[in-house]
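Remarks on the structure that follows.
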Protein chains: 2
Amino acid sequence: MNNLFRALNDPTRRKILEILREKDFTAGEIADKFEMTKPSISHHLDLLKQAELVTADKQGQFIYYSLNTTILDELLKWIFTLKQP
Amino acid sequence: MNNLFRALNDPTRRKILEILREKDFTAGEIADKFEMTKPSISHHLDLLKQAELVTADKQGQFIYYSLNTTILDELLKWIFTLKQP
DNA sequence: TAAATAATTAGACAAATATCTAATTGTCTT
DNA sequence: AAGACAATTAGATATTTGTCTAATTATTTA
């Protein structure tokens, strides 16, 4: 859970997740949507990968990133437990 | 949302929320459940308050903290939107 | 009113984090 | 094989964060 909360605790990373909701994108395409250098975005993608919120699929010289929402079920469970009286 | 994610991104604070699920506790009672100084716990409670995850109710020299789960609805909505295809 | 108790605020410090530039790795094309 | 392109890794730096001790504020009680 630590990696998950850490990954979500940044607006850029949350925006990346929202972008990937539409469809898969390469690291470069994602970086183009931000006013930030590619290495910085690469680092954010790494944290998202560590949290298993995204998966990376290398195709030639490109790396496609996809959203993995199943890992969020753990978070949902935690929240619901907290809300349960 | 920033304050919310920030508040959740710490195991001590998440533990405090779980403790408050059972019932309200004073700051001192909460601090007693951790191996950490009272000022540190006080700081964590402040961040939780900033995120509106807890409310504080002063009764004499004691301050009772209660869990506020309604603020989590915002988070649930965000997660569900992300999961929605 | 003075001492005791509950809690916070202030200030210091080490560790973690976000960002950048420069360098590296891997792949494709000519 | 060389150059171009995609992406990451390495290293530096400023900011944020978590924790502590010491000091302060507010309330109760003897």
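Chain A is the first sequence line, chain B the second, and so forth, proteins listed ahead of strands; every chain is numbered from 1. For clarity, every value in this text was computed on a predicted model and none was experimentally measured.
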For a quick test of your reading: what N or O donor-acceptor pairs under 3.5 Å do the side chains of residues 4-11 of chain A make, sequence neighbours left out?
from: A:R6; atom 1: NH1; to: A:N3; atom 2: OD1; distance (Å): 2.8
from: A:N9; atom 1: OD1; to: B:R6; atom 2: N; distance (Å): 3.3
from: A:D10; atom 1: OD1; to: A:T12; atom 2: N; distance (Å): 2.8
from: A:D10; atom 1: OD1; to: A:R13; atom 2: N; distance (Å): 3.1

*Show which residues join A:Y64 in its hydrophobic cluster (side-chain heavy-atom contacts under 4.5 Å, direct or indirect), or state none.*
A:F62

*A:R6 or B:S42: which one's nearest nucleotide on DNA chain C is closer to the 5' end?*
B:S42

*asked:* At a heavy-atom distance below 4.0 Å, what parts of residues 26-41 of chain B sit against DNA chain D?
replied: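 Listed by number, they are B:M36, B:T37, B:P39, B:S40.
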
_A:T70 OG1 to A:L53 CG distance, which is reported to the nearest 0.5 Å_ = 9.0 Å

_Just verifying a value: how many Å separate A:L75 CG and B:L76 CG, rounded to the nearest 0.5 Å?_
8.0 Å

*Give a yes or no on whether the backbone of A:T55 and the side-chain of A:N68 come within a donor-acceptor separation of less than 3.5 Å.*
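No; zero donor-acceptor contacts below 3.5 Å.
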
*Would you indicate whether the side-chain heavy atoms of A:F34 and A:I16 approach each other to under 4.5 Å?*
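Counting from C-beta outward, A:I16 and A:F34 do come under 4.5 Å.
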
State which residues pass side-chain hydrogen bond (donor to acceptor under 3.5 Å, both in side chains) with [X]; sequence neighbours excluded, sorted by chain then number.
| X | answer |
| --- | --- |
| A:S40 | A:T37 |
| B:E74 | none |
| B:Q59 | B:D57 |

*Taking only residues two or more places apart in sequence or in another chain, which ones pass salt bridge (Lys or Arg N to Asp or Glu O under 4.0 Å) with A:K33?*
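For A:K33, no residue satisfies salt bridge (Lys or Arg N to Asp or Glu O under 4.0 Å) once neighbours in sequence are set aside.
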
*List for me each residue that meets salt bridge (Lys or Arg N to Asp or Glu O under 4.0 Å) alongside B:K83, sequence neighbours excluded, and say none if there are none.*
A:D73

*On DNA chain D, which is the earliest and which the latest nucleotide, 5' to 3', with an atom closer than 4.0 Å to a heavy atom of chain B?*
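The contact span of chain B on DNA chain D goes from D:dT17 to D:dT28.
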
_B:K49 to B:A56 - nearest heavy-atom pair and separation_ = CD-CB, 3.9 Å

*Give the minimum heavy-atom separation between B:Y65 and B:L20, together with the two atoms involved.*
O-CD2, 3.3 Å

*Under 4.0 Å between a side-chain N or O of B:Y64 and OP1 or OP2 of C:dA6?*
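No, no such contact exists.
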
*Count the heavy atoms belonging to other residues, nucleotides or ligands that lie under 6.0 Å from NZ of B:K23, then report whether that count exceeds 12.*
yes

*Among residues 9-23 of chain B, which contact DNA chain C at a heavy-atom distance under 4.0 Å?*
none

*Name every residue in residues 43-53 of chain A that has at least one heavy atom under 4.0 Å from any atom of DNA chain C, in order of residue number, or write none if there are no such residues.*
A:H43, A:H44, A:L47

Close N/O contacts between protein and nucleotides 27-30 of chain C (under 3.5 Å):
from: C:dT27; atom 1: O2; to: A:Q61; atom 2: NE2; distance (Å): 3.4

*Is B:L47 linked to B:I63 within one hydrophobic cluster, defined over Ile, Leu, Val, Met, Phe, Trp and Tyr using a side-chain heavy-atom separation of less than 4.5 Å?*
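No, B:L47 and B:I63 fall in different hydrophobic clusters.
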
